[in-house]
Amino acid sequence: MQDDYRADVAVIGAGIMGTAIVTRLIETGHKVSVFDLDTEKVAALQAKGARPAGCVEEAVSRSAFCVLSLNHASIVRAVVFGEKGVVAAANADKLLIDMSSIDPADTADMAMRLRRETGMAWVDCPLSGGVPGALSGRLTIMAGGSAEDFERARVVMRHLAANYTLMGASGAGQTTKLINQLFCAVLFQAVAEAVKLAEAGGVDPAAIPAALAGGRADSRILQEFMAKFAARDFSPTGRIDNMLKDLDSLQAFALKTKTPLPMTGSVVEIHRLLCAAGLGPKDSAEMMRLLDGFQAD
């Protein structure tokens with residue numbers, strides 16, 4: 001692969017992450033076609049240099065790579081196999097890169113079907129690092145697929161990821177993402193509780209990250225989010241309902257594999273409670289509202 005090679009890439013899904021992915025790919029020289037049902041989002045990306053497409057088929061027909069950034073396995077399935085979907089323009093020379101976070105079994109099933117029906121390969125590439133990571137090309141991406149297809153996808157991934165790792169066959173990337181979400185959800189809850197404990201003890205919680213830096217309790221979540229939680233800074237970095245969606249997938253996978261996850265189960269129910277309280281679209285820092293007794297601002 002030549003370092004100066006740039007590809008024609010179709011990106012399906014122009015939500016928060018899809019928009020960041022498109023922006024980064026344009027900035028690094030790729031030719032990007034975009035499709036989303038929200039035409040205003042597509043127009044905003046067109047202003048940055050993206051080429052709008054009238055349907056998924058049109059976007060894929062122009063491109064060697066098709067990147068999906070979607071919310072649910074049902075949406076991914078419809079986009080790939082539905083009318084004027086990926087399959088309508090698919091062939092063995094193209095590669096699908098699914099950067100959505102969906103069920104590992106669904107991923108493996110769809111990857112097998114796509115290759116069987118069209119010859120087009122599939123690499124699952126769920127991500128960690130959010131919008132800032134995408135815009136700076138510093139995402140952590142855990143991949144599932146063949147070693148050959150993993151390397152083919154590097155043409156695109158090298159401009160999005162600082163850590164790009166093949167975890168195994170189709171679905172292995174999604175399984176690894178579930179593990180990532182397990183750590184994040186549990187640690188977010190731990191940070192929220194630590195903030196309350198520090199406040200109860202008369203300690204400035206914003207001073208805790210520096211005090212614990214380099215010790216066994218240190219983590220990027222501690223360093224990035226404890227001061228944010230302590231300040232009740234609810235500016236968006238990630239949605240609670242999106243985390244719950246991933247945690248529901250995690251629990252379903254655990255049930256299927258008979259894997260006990262007692263601590264995770266408690267954190268899942270906390271997220272479900274927050275969603276029931278109407279905080280689903282809000283940032284994870286809103287976890288503080290539960291521990292604060294849902295006091296008014």
Side-chain angles (χ1 to χ4, degrees), residues 13 15-17 69-76 99-107 126-133 139-140 142 173-199 205 217 219-297:
I16 294 174
M17 279 308 306
S69 181
L70 304 166
N71 281 332
H72 299 281
S74 60
I75 301 174
V76 171
M99 300 186 73
S100 317
S101 294
I102 63 173
D103 180 74
D106 284 334
T107 292
L127 59 89
S128 181
V131 169
L139 290 172
T140 291
M142 48 294 282
Q174 299 293 356
T175 300
T176 308
K177 178 58 185 288
L178 293 181
I179 294 168
N180 179 84
Q181 297 303 80
L182 184 158
F183 276 117
C184 288
V186 170
L187 288 172
F188 279 141
Q189 180 64 25
V191 165
E193 293 181 17
V195 167
K196 292 297 290 186
L197 190 63
E199 291 172 344
S219 71
R220 286 188 62 179
I221 285 181
L222 170 67
Q223 295 299 328
E224 293 178 18
F225 288 94
M226 189 154 187
K228 184 179 192 297
F229 280 30
R232 277 53 172 187
D233 173 3
F234 303 127
S235 58
T237 59
R239 293 168 58 119
I240 290 172
D241 53 7
N242 279 343
M243 177 64 81
L244 180 59
K245 181 261 296 183
D246 291 342
L247 292 174
D248 282 340
S249 295
L250 193 160
Q251 281 200 312
F253 186 74
L255 182 63
K256 187 184 304 180
T257 57
K258 296 182 171 57
T259 304
L261 300 174
M263 186 182 300
T264 304
S266 297
V267 174
V268 172
E269 293 309 313
I270 290 170
H271 279 73
R272 204 177 309 285
L273 178 63
L274 291 167
C275 287
L279 298 177
K282 303 295 186 178
D283 184 76
S284 293
E286 301 272 355
M287 298 174 81
M288 294 306 305
R289 293 195 192 275
L290 176 61
L291 297 182
D292 289 339
F294 291 104
Q295 299 172 11
D297 292 334

May I ask you to test the L70-H72 pair for a side-chain heavy-atom distance under 4.5 Å?
no
Indicate the atoms forming the closest heavy-atom contact of P205 with A230, along with that distance.
CG-CB, 3.5 Å
Once rounded to the nearest 0.5 Å, what's the spacing between atom CD1 of I102 and atom CG of L178?
10.5 Å
Are the side chain of K177 and the backbone N or O of D246 linked by a donor-acceptor pair below 3.5 Å?
no
Search all heavy atoms of P281 against all heavy atoms of R239 and return the closest pair with its distance.
O-CG, 3.5 Å
Will you find, in the side chains of S249 and D103, an N or O donor that is under 3.5 Å from an N or O acceptor?
no
For the pair K245 (side chain) and S101 (backbone), establish whether a donor and an acceptor sit closer than 3.5 Å, ignoring hydrogens and angles.
yes
Can you find a pair of side-chain heavy atoms, one from I179 and one from M142, that are under 4.5 Å apart?
no
Give the C-alpha distance, both sets of side-chain angles, the deciding distance and a yes or no for side-chain contact (heavy atoms from CB on, under 4.5 Å) between L222 and L187.
CA-CA 8 Å; L222 170 67; L187 288 172; over 6 Å; no
Would you indicate whether the side-chain heavy atoms of I240 and D283 approach each other to under 4.5 Å?
no
Validation row: D292, K196 side chains within 4.5 angstrom (heavy atoms)
yes
Check the surroundings of atom CZ in R232: do more than 12 heavy atoms from other residues, nucleotides or ligands lie under 6.0 Å from it?
yes
Spatial distance of atom NE2 (H271) from atom CG (L290) [nearest 0.5 Å]:
11.0 Å
Taking L291's backbone N and O only, do any of them form a donor-acceptor pair with E193's side chain (distance below 3.5 Å, no angle check)?
no
Should the heavy atoms of other residues, nucleotides or ligands under 6.0 Å from CD1 of I16 be counted, would the total exceed 12?
no
R272 with E269: basic N within carboxylate O range, under 4.0 Å
yes
Correct closest heavy-atom pair for G130 and M17 would be C-SD, 3.5 Å
Using atom types as modelled and distance alone, determine if a side-chain donor or acceptor of Q181 lies under 3.5 Å from a backbone N or O of L247.
no
Side chains of V267 and M243: closer than 4.5 Å at any heavy-atom pair?
no
Do L261 and Q251 have side chains that get closer than 4.5 Å, going by heavy atoms?
no
I need the L274 CG to E286 CD distance, nearest 0.5 Å.
8.5 Å
Can you say whether the rings of F188 and F225 are parallel (under 30°), tilted (30 to 60°) or perpendicular (over 60°)?
perpendicular
What pair of heavy atoms forms the shortest contact from M288 to F229, and how long is it?
CG-O, 3.6 Å
Is there a side-chain contact between D248 and L244, using heavy atoms and a 4.5 Å cut-off?
yes
Min side-chain heavy-atom separation T237-E224 under 4.5 Å:
no
